[in-house]
Amino acid sequence: MTAGSYENPVLNADWSDPDVVRVGDDFYLTASSFGRVPGLPLLHSRDLVHWTLVGHALQRLEPEEEFAVPRHDRGVWAPSIRHHDDRFWIFWGAPDQGVFQVNAPEIRGPWTRPHLLKAGRGLIDPCPLWDEETGEAYLVHAWARSRSGVKNRLTGHRMHPDGTSLLDEGKVIVDGDRIPGWFTLEGPKLYRHDGWFWILAAAGGVETGWQGAFRSRGFFGPYEERIVLEQKDTEVNGPHQGGWVRTAAGEDWFLHFQQRGAYGRVVHLQPMRWGTDGWPVLGDNGAPVTVHRLPALPPQPPAAPATDDDFPGGRYGRQWQWTANPGDGWATQHSADGLRLTCVRSADAHDPRRLPNVLTQRLPGFPCAVEADLRLDGGEPGARAGLAVLGSAFGWIGLERGTDGTVRLVHRFAEAVADAERDAGVPCPAPGGRVRLRVEIGSGARCRFHYDVGDGPRSSGPVFAATPWRWVGALLGLFAVAPGGPGSTGTATFTRFRITPAGPRVRTGH
């Protein structure tokens, strides 16, 4: 890569279903967060290439009782972000409840409580449009067949300009079944440009599909369509679902995702221009670019969403999300550094996939090593804590208190079809209840687990291939748990969490 250029993906982790808006010289991006809390991540950039995470717009998922346990395939699907009337607006579809919106005067809030704009199952991928010329407002959304029995079509509504209600029953404005070869039409983003209503929407499925453009002189159609971005002879499979943004200088760019298995949906930046026939041209004449010149914007220092954390005073950074709505006392603040987690009692202590009290962040999309120091304090037999790689299958390494009161290093895993974990490495003593944990993640999200209980680093078990969840990439997780029952369970303290390039090989065995 040469100076003055960037390389895709610009966000090399699972920032699924991105949408973007410009306000002045600043760009803001949000993405799907599904069942993780807080939801609706908010990212900021000034050059469209280097992004930082500045907050979340949704502090808890509703209804509260439904998201008291992990719901990895529910929650926040495919949000749209817009700026109108001096406020930020985010609309999203919760596939089991309907279309919601929140809004705020500033990107960092305060954000309103979720407002249910349209109730119903299977209503997904909503996007609003305020027509500045006419004062009219509109909403378009797609459908999830898993909830509604309907898919491959887009429904449009007139919307009250205050964003609180819809003004009609809705009409199908694009029926993908009527377009030869099109299927799974979804992810619409709605715009006005050059006298046309434009819908940029994906089709063909996330792993093999394409990005389409639709235009009409009237919002309710009829629309004509064109494929404007597809894999062609590149390695970018299924360039899919994103948003168009125009810089203050008039350059056009398109951010979209690529499905990459356990890494989830990573984000690419494509150049965009308007052809002589009035249609958008994305990438290199419709093929995704890998390397391209930087946007014509003021140079910015390198930046990326934070990953490392020393947990000052027991507080965790905004890069962390729980796997469900958090409960009281899961993490406690204190005077020193370190994340102090209560070993929460659970009947599902044997399976971190079912635990709501797992603090997670996205699996990086590049080879790296993840490290954390762990101390297990107090507790009863069976209390445990560790560092996990979570997906439909999982692997974790950490500490567990035995029936004799001693603490030992354990390494366990479960296949996607397994209901119970198994040992992946041979347990060994952990003097003082302390350990340094390490997971080296190579190409193909292949993970090698390591530990150091004070006598040098050692590897444990065979390679574990991380797997995605449904719709969601694999997650890194920190957890503390104990078997069900009464009484105090003790705590676990994590310190010095780091993600760095993978280090040299270490000895094997105990």
Side-chain angles (χ1 to χ4, degrees), residues 11 15-46 48 50-64 67 75-94 97-117 126-128 130 137 139 159-165 189 243 245 255 267 303-307 309 311-328 330-331 333 359-362:
L11 283 166
W15 301 95
S16 179
D17 312 316
D19 192 32
V20 62
V21 68
R22 178 179 66 86
V23 180
D25 294 327
D26 298 285
F27 301 93
Y28 299 100
L29 180 148
T30 192
S32 295
S33 49
F34 298 97
R36 301 193 301 279
V37 181
L40 289 173
L42 303 167
L43 289 86
H44 170 253
S45 177
R46 303 203 80 178
L48 291 171
H50 300 102
W51 295 87
T52 58
L53 179 64
V54 297
H56 292 82
L58 187 63
Q59 295 309 305
R60 297 183 71 85
L61 288 164
E62 298 180 4
E64 289 266 352
F67 293 97
V76 176
W77 284 23
S80 297
I81 184 169
R82 294 291 182 265
H83 192 259
H84 167 72
D85 196 24
D86 294 324
R87 297 185 71 85
F88 288 92
W89 301 77
I90 299 179
F91 288 65
W92 75 94
Q97 284 87 41
V99 173
F100 288 89
Q101 62 96 338
V102 291
N103 58 87
E106 305 289 342
I107 196 67
R108 290 174 174 83
W111 289 86
T112 60
R113 285 280 302 272
H115 172 73
L116 183 59
L117 181 65
C127 184
W130 286 271
L139 182 87
M159 182 176 72
H160 195 286
D162 68 6
T164 63
S165 60
K189 298 294 183 284
V245 67
L255 284 150
V267 178
T307 56
D309 207 341
F311 309 106
R315 295 179 295 274
Y316 48 87
R318 57 176 63 100
Q319 66 267 33
W320 297 96
Q321 296 170 290
W322 298 99
T323 47
N325 284 327
D328 294 336
W330 286 1
Q333 295 186 12
L359 201 57
T360 68
Q361 60 172 283
R362 293 160 178 82

### Task
Scan residues 27-39 for pairs that pass side-chain hydrogen bond (donor to acceptor under 3.5 Å, both in side chains), counting only residues two or more places apart or in two chains.
Asp17-Ser32, Arg36-Gln321
### Message
If I compare all heavy atoms of Ala137 with all of Pro161, which pair ends up nearest, and what's the gap?
### Response
CB-CA, 4.0 Å
### Query
Does His115 use its side chain to pair, donor to acceptor, with the backbone of Thr164 at less than 3.5 Å?
yes
### Task
Could you pull out the closest heavy-atom pair between Ala57 and Ile90, with the gap in Å?
CB-CD1, 3.9 Å
### Query
Do any N or O atoms from the side chain of Asp85 and from the backbone of Arg87 form a donor-acceptor pair under 3.5 angstrom?
no
#### Entry: Note, Phe27 side chain near Leu255 side chain (heavy atom, < 4.5 Å)
no
### Residues forming a side chain to side chain donor-acceptor pair (under 3.5 Å) with Gln101, sequence neighbours excluded
Asn103
### Query
Which pair of heavy atoms, one from Phe67 and one from Gln97, lies closest together, and at what distance?
CE1-OE1, 4.5 Å
### Task
Using the side chain to side chain contact (heavy atoms under 4.5 Å, CB included) rule, take Leu43 and Leu11 through it: C-alpha gap first, then chi angles, then the decisive distance, then the call.
CA-CA 11 Å; Leu43 289 86; Leu11 283 166; 4.0 Å; yes
#### Entry: Listed partners of Phe311 passing ring-ring contact (aromatic ring centres under 6.0 Å, His included), at least two apart
Trp320
### Message
Main chain of Pro305, side chain of Trp51: is a donor-acceptor contact present, judged purely on distance under 3.5 Å?
### Response
no
### Query
To the nearest 0.5 Å, how far apart are OG1 in Thr323 and CZ in Phe34?
15.0 Å
### Summary
So the salt bridge (Lys or Arg N to Asp or Glu O under 4.0 Å) pairs with at least one residue in residues 18-33 (sequence neighbours excluded) are Asp19-Arg82, Asp25-Arg46, Asp26-Arg46
#### Entry: Gly109 versus Ala104, closest heavy-atom pair with distance
CA-CB, 4.0 Å
#### Entry: ring-ring contact (aromatic ring centres under 6.0 Å, His included) partners for Trp322, two or more places apart
Tyr316, Trp330
### Task
Report the distance from atom CZ of Arg318 to atom NE2 of His56, rounding to the nearest 0.5 Å.
9.0 Å
### Query
Is the closest side-chain heavy-atom distance between Phe91 and Leu139 below 4.5 Å?
yes
#### Entry: Exercise: identify the closest heavy-atom pair between Leu58 and Pro114
CD1-CG, 3.4 Å
### Task
Taking the side chain as every heavy atom from C-beta outward, state whether Asp309 and Gln319 have any atom pair closer than 4.5 Å.
yes
### Query
Hey, does Met159 have a side-chain heavy atom less than 4.5 Å from the side chain of Trp130?
yes
### Task
Kindly give the heavy-atom pair with the smallest separation between Val21 and Val245, and that separation in Å.
C-CG2, 4.2 Å
#### Entry: Residues that His83 engages under ring-ring contact (aromatic ring centres under 6.0 Å, His included), provided they are two or more places apart
Phe88
### Any Pro126 side-chain heavy atom under 4.5 Å of Ser80 side chain
no
### Query
When you measure from the side chain of Gln361 to the backbone N and O of Thr307, does any donor-acceptor pair fall under 3.5 Å?
yes
